[in-house]
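First the structure, in the form of structure tokens, and then the observations on it.
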2 protein chains.
Amino acid sequence: MVGYKEVVPRRPMTRRVTLEEVARAAGVSRATVSRVVNGVASVDENIRHAVEEAISDTGYLPNLAARSLVTRRADAVALVLPDEDRVLGDPFFGRVVRGVMTVTAPAGLHLVLTTTGVGTGEQVVSDLSRGRLDGVILIHTSRNDPLPGRLVDGHHPVVLSARPPSPLPITYVDVHQISGAALAAQHLRHVGRTRLATIAGPQDTPAGQDRLRGFLAAAGTGTPWADGDFTMAGGETAMTRLLADHPGVDGVFVASDLMARGALPVLRRAGRRVPEDVAVVGFDDSSAALDCDPPLTTVRQPTEDMAAEMARLLVRQIEHPDTPVAAVIFQPTLVVRHST
Amino acid sequence: MVGYKEVVPRRPMTRRVTLEEVARAAGVSRATVSRVVNGVASVDENIRHAVEEAISDTGYLPNLAARSLVTRRADAVALVLPDEDRVLGDPFFGRVVRGVMTVTAPAGLHLVLTTTGVGTGEQVVSDLSRGRLDGVILIHTSRNDPLPGRLVDGHHPVVLSARPPSPLPITYVDVHQISGAALAAQHLRHVGRTRLATIAGPQDTPAGQDRLRGFLAAAGTGTPWADGDFTMAGGETAMTRLLADHPGVDGVFVASDLMARGALPVLRRAGRRVPEDVAVVGFDDSSAALDCDPPLTTVRQPTEDMAAEMARLLVRQIEHPDTPVAAVIFQPTLVVRHST
DNA sequence: TTGTAAGCGTTATCAG
DNA sequence: CTGATAACGCTTACAA
């Protein structure tokens, strides 16, 4: 690193204008100015006008810390992400942020970024308690994360990005996993496949369970399956196993794109062409789907819409603290690429 | 979207503990409690102890809005991103966030995410003025973005992610573009290429200028070049032109990965194999480099370090408002993949 | 070293 | 409809 400095001193800050001064300038009381600023209806038209003039004359801007002190609102929410390296770089994350911001930005809410890490849970809870955060959106919390439970216990506004692993009275948004898996089965049938199989996700996660259940329900309960762990390596192993036990398979639903990424090379090495010999459908529509060769047909969740909905549910909780817990389920869609 | 609600009412919030109550519990004044909380040295050891006990007994947490009101600090900084769709999904962004958070998180600073959009500039300036934000990190501001100038004029703490297009007394972090381009030239020479050429970036941007200048200086001033606009399409056009004018070229430095992404197919269509016939080096080490076929050798900036340094420079400005403007320049490195 | 008291800039209650 | 006035919870001179 090469550093150099240019010496350009800064001028002093311009002083801040307060309510008091605007009031003086307009010849009214602070209370009245406050009313005008907050758009309270019951203000005489002439007075309102005079105050507005004084406001723009003085360049007044309300001090939000002061407001926050009395309203007990921080006007800030946190987006808590798993701190695995990949998530921040995944397009999925970009979609979440965009979706959330479509509702937070117009509402004047600050979106604070946090990642799950040692002590982050503490931080978030403490920020909530200290009035520095009004609520949190939790993305992909892991099975044994204590945070959701603590937030519920503390009665803090919170929304999850999926059904919680263990039953908890908490608001969440999710995709209808079962329908997604059924979509995959129907599509495989539709392209003429008859000997179906599936690589399932871990059976101790809600998504893993639902996708398997959904696929079996649509493809037939006798459909062979092998379970993976949502990783590339797991997909590889499962595919190998599946192929050994059921060499005649011609259509497989892999419960995550990442696992599919690991499964495809196994098929190729086994002399199966995709999609000619075996058609493959993934799940998630993550970047892994595009990195596949051939590009993967996959089940997609409407991420931006879901993120926006999370934000809306959060705002509702913040504004009405006794909003009942809710779950909003979205329908997934199929993105057809070249693996089927 | 399919929605359903479970009706589980919430219990009322637990009441907040104030300094006052801790003081009462410890039998001291609020001032003393405040001193203990803020770690002021001049507190009697016994009293400090009693106060700490009272704090944990009562479960006291300072109200940050109140503190903010008197200290005039928001303990929050914004990360302003260009709102082009691609940036949020690019791994580059993830690195920036991680780098920035390595310094903001331990400092207890909230990282607020914002994108450049209609009116966002206003928002940021206003948040700064209203004491809701202490400073701003601006990523990739475009040539005619008025925001940097406004922040400088308003004497707000700010750091840019690159040298500003027009001279401005503003603190920034950058990579040594000229060295990066020279690195590319040396590498091409090193792998035996003698007929070099380059596809330059737009010549009205600092990066575009420096990368061209650096390459010409290292490869020879007579080196042929065509200019692109940092887009895929621009890279395609430029490569076509270059190949028409200089069919014998065997090594080309493309000033951005995205342009390289557009240039590679042109080479292939012209019957040139990469890297056998023509070696190609890109710049940025963005996701586009990996999407290239073959994966692109490229010049990489130490993004996380740079982001962390931006955060440090920002914190310094916040803590010492008359810190002189500075520029910190990092050395790039070459990431060798299969295009050379 | 500790306590008293004066703010910090709003909002909100309650008379008028 | 408007204006005093009392919070909101904390920091910080200044005094003791």
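In what follows, every chain begins at residue 1, and chains take the letters A, B, ... in the order their sequences are listed. Here the structure is a predicted model, which is why all the values come from computation and not from measurement.
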Using nucleotides 11-13 of chain C, report all nitrogen or oxygen pairs with the protein that are shorter than 3.5 Å.
residue, atom, partner, partner atom, Å
C/dT11, OP1, A/N38, OD1, 3.3
C/dT11, OP1, A/N38, ND2, 3.0
C/dT11, OP1, A/R67, NE, 2.9
C/dT11, OP1, A/R67, NH2, 3.2
C/dT11, OP2, A/S34, OG, 2.5
C/dT11, OP2, A/N38, ND2, 3.4

About how many Å separate [atom2] of [Y] and [atom1] of [X], when rounded to the nearest 0.5 Å?
{"X": "A/L133", "Y": "A/R73", "atom1": "CG", "atom2": "CZ", "result": "12.0 Å"}
{"X": "A/R312", "Y": "A/R316", "atom1": "CZ", "atom2": "CZ", "result": "8.0 Å"}
{"X": "A/L313", "Y": "A/M306", "atom1": "CG", "atom2": "CE", "result": "11.0 Å"}
{"X": "A/S166", "Y": "A/L168", "atom1": "OG", "atom2": "CG", "result": "6.5 Å"}

Query raised in the report: So, for A/P148 and A/L138, which heavy atoms are closest and what is the spacing to 0.1 Å?
Result: CG-CD2, 3.9 Å

**Report entry** Distance-minimising heavy-atom pair for B/A162 and B/Y172
**Finding:**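 Looks like O-CB, 3.5 Å.
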
**Report entry** Sub-4.0 Å heavy-atom contacts from residues 124-132 of chain B onto DNA chain C, ordered by number
**Finding:** none

To the nearest Å, how far apart are [X] [atom1] and [N] [atom2]?
{"X": "A/N63", "N": "C/dG7", "atom1": "CG", "atom2": "C1'", "answer": "13 Å"}
{"X": "B/L69", "N": "C/dG7", "atom1": "CG", "atom2": "C1'", "answer": "9 Å"}
{"X": "A/E21", "N": "C/dG9", "atom1": "CD", "atom2": "P", "answer": "8 Å"}

Report task. Assess the pair A/F93 and A/H140: is the distance between their ring centroids shorter than 6.0 Å? Result -> no

Query raised in the report: Is a donor on one side and an acceptor on the other found under 3.5 Å between the side chain of A/H155 and the backbone of A/D153?
Result: yes

Query - Segment of DNA chain D, first to last nucleotide, that comes within the 4.0 Å heavy-atom reach of chain B - result: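 Under 4.0 Å from chain B, the extent on DNA chain D is D/dG9 to D/dA13.
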
Query - Pair B/R30 + B/E21: basic N to acidic O under 4.0 Å - result: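 Salt bridge absent between B/R30 and B/E21.
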
Query raised in the report: Between B/R95 and B/E304, is the closest basic N to carboxylate O distance under 4.0 Å?
Result: no

Residues 101-115 of chain A side chain polar contacts: donor-acceptor under 3.5 Å, at least two apart:
residue, atom, partner, partner atom, Å
A/T102, OG1, A/G99, O, 2.5
A/T104, OG1, A/V100, O, 3.2
A/H110, NE2, B/D127, OD2, 2.8

**Report entry** Side chain proximity check, A/N63 to A/T18, heavy atoms < 4.5 angstrom
**Finding:** no

Report task. Pick base, sugar-phosphate or nothing for B/L64, based on heavy-atom distances below 4.0 Å to the nucleic acid. Result ->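 Nothing: the residue B/L64, judged by heavy atoms under 4.0 Å, touches no strand.
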
Using residues 45-55 of chain A as the side-chain source, report each donor-acceptor pair under 3.5 Å to any protein atom, sequence neighbours left out, with the distance given to one decimal.
residue, atom, partner, partner atom, Å
A/R48, NH2, A/V40, O, 3.1

Query raised in the report: Roughly how bent is the helix from C/dT1-D/dA16 to C/dG16-D/dC1 end to end, in steps of 10 degrees, with each end axis from five pairs?
Result: 30°

